[in-house]
Amino acid sequence: MYQLFTPIFFSCCSGDALALPRVTCPNHPDAILVEDYRAGDMICPECGLVVGDRVIDVGSEWRTFSNEKALKDPSRVGDAQNPLLNGGDLTTMISKGTGAASFDEFGNSKYQNRRTMSSSDRAMLNAFKEISTMADRINLPRNIIDRTNNLFKQVYEQKSLKGRANDAIASACLYIACRQEGVPRTFKEICAVSRISKKEIGRCFKLILKALETSVDLITTGDFMSRFCSNLGLPKQVQMAATFIARKAVELDLVPGRSPISVAAAAIYMASQASAEKKTQKEIGDIAGVADVTIRQSYRLIYPRAAELFPPDFKFDTPVDKLPQL
Amino acid sequence: GPGIQLPGFHGGSSSWPSAGRSGIIPQLQNIVSTVNLGCPLNLKFIALQARNAEYNPKRFAAVIMRIRDPRTTALIFSSGKMVCTGAKSEEQSRLAARKYARVVQKLGFPARFLDFKIQNMVASCDVCFPIRLEGLVLTHQQFSSYEPELFPGLIYRMVKPRIVLLIFVSGKVVLTGAKDRAEIYEAFENIYPILRGFRKQ
């Protein structure tokens, strides 16, 4: 491998005292240079001349491999910077010394200070870690985690909810992020991965909406169908039927005032009982987080008009008149 | 006598103006008031001597006393301040507070009746038609909070007058946070046309 020594021509913008010298191709001063990360070059697209050489690579450390046997991390630059969320963490940490000279007479290490790093953001970093853990438990994608982090940062900087536990704020931010991304999770699902009670998450949720002056869309029955049905192992036909039943039930106003989760659970029960894959109320209640008496109540409301609620092309394993009557 | 001034009724006119009025009057359900008896009290003595008094200092630092008429409950603190709850009208609340003060006085304390103030009034009524809460929360987003997972009713925080209304699908409405009966009536008159607009067909 050989390196080209290329003369670099600089041109300054006129009339601007603080302008940094811009690298341009000598033959095509107006051409926008293309950066080639692989070789660290800046290439003119018009004539192919390599204009800038040995450009600093701002990508990740090249020598970090996902190698289990790597006893020492050969990374020379540390973790990727998180500029959006940290406000520029440019501190230096001094690690524990090796060799005899780093210990004083009692056996304590001479240089002890490696603790304080960005103390102002430590709570926030802790919260991000907690958010990441919670999201990982229910397999949430990166975009929701990023949104949650952003929400938490906004709330934290506003300081209006400073007295509340950070974990509670984090859980509520996670709930809001899921809602905003169009894939809401029930409060009970968030409770399952958090140590905070549903009551406290609900309170923080309302406070955050007021503090950030945002609002969220109302939940509908269809938002939860795919998740509940796949957790129960129901086939696509039954899921589609349950979605149709729940939507129809709400349109016909058969279940006024009932929570959409309860209506969804009752619709899943009706659809599964009419198909070959019958699920009990207890099983559905476990997955959806509703009591089986709640499913029974909502089911009683939709049962009288069951025939109209099924989609027209549904294949009945159990006909409508043989559906269980509770 | 004049009795209760209903909103929209201009005193002096002999007929009720019907346009712009709902015709429904919210009924008061609970009044919370405070009064200062003006002297420090020995709660243990009161709890032992008075009838219908409970005192559990480990749980709460006040004597809880109840009277049957008007049916109310009072929290009496050692500083001499008292909270009276459960009355159904302003007059009843004042009367009940005076009765409690009398009980304390009879026990030997120099009780007075200073700074009686109504702190909160709760009322409820029925608009007699079902309401589409989903529509209401969409149009009045900045005032409404409707989370079926948390509470089945819509929580509407009216700015003027500063009243919180709980609106349910059945058409029942609960109004709270008022210091004055007129605020309740005004709030209901404000919300009634909005609710009419979201009537379920």
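Chain letters run A, B, ... following the sequence lines, proteins first and then strands; every chain starts at 1.
For B/Q142, no part lies near chain A; criterion is any non-hydrogen pair under 4.5 Å. With a 4.5 angstrom heavy-atom cutoff, B/L138 does not touch chain A via any of its atoms. At a 4.5 Å heavy-atom cutoff, A/S262 makes no contact with chain B through either its backbone or its side chain. For A/D217, no part lies near chain B; criterion is any non-hydrogen pair under 4.5 Å. Using a 4.5 Å cut-off between heavy atoms, A/L209 does not touch chain B at all.
Here the closest heavy-atom approach between residue B/R157 and residue A/K210 is recorded as CD-NZ, 4.4 Å. Heavy atoms only, all atoms of each residue included: A/P256 and B/V169 are closest at CB-CG1, 3.8 Å.
For NZ of B/K99, the number of neighbouring non-hydrogen atoms (other residues, nucleotides, ligands) closer than 6.0 Å is greater than 12. When the shell of 6.0 Å around NZ of B/K179 is examined, it contains more than 12 heavy atoms from other residues, nucleotides or ligands. When the shell of 6.0 Å around CD of A/Q237 is examined, it contains 12 or fewer heavy atoms from other residues, nucleotides or ligands. The number of heavy-atom neighbours closer than 6.0 Å to NZ of A/K278, taken from other residues, nucleotides and ligands shown, is above 12. Counting heavy-atom neighbours within 6.0 Å of A/R137 CZ, excluding the residue itself, gives a total above 12. Residue-environment remark: NZ (B/K200) exceeds the threshold of 12 foreign heavy atoms within 6.0 Å. For B/R112, the CZ atom is loosely surrounded, since the number of other residues' heavy atoms within 6.0 Å does not exceed 12. At most 12 non-hydrogen atoms from other residues, nucleotides or ligands lie less than 6.0 angstrom from CD of B/E91.
Under the 3.5 Å distance criterion, the side-chain polar atoms of B/Q141 are left unmatched by any main-chain donor or acceptor of A/S215.
Interface summary for chain B: among A/D253, A/I219, A/I261, the most heavy-atom pairs under 4.5 angstrom belong to A/D253. When the candidates B/S145, B/G153, B/P148, B/P130 are compared by the number of heavy-atom contacts under 4.5 Å with chain A, B/P148 comes out ahead.
Atom CD of B/E134 is separated from atom OG1 of A/T220 by 11.0 Å, given to the nearest 0.5 angstrom.
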So A/F205 and B/E149, side chain to side chain contact (heavy atoms under 4.5 Å, CB included) or not? Walk me through it.
-> CA-CA 12 Å; A/F205 163 74; B/E149 281 187 88; over 6 Å; no
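If you run salt bridge (charged side-chain N to carboxylate O under 4.0 Å, His left out) between B/E147 and each of A/R179, A/K206, A/R203, only A/R179 comes through.
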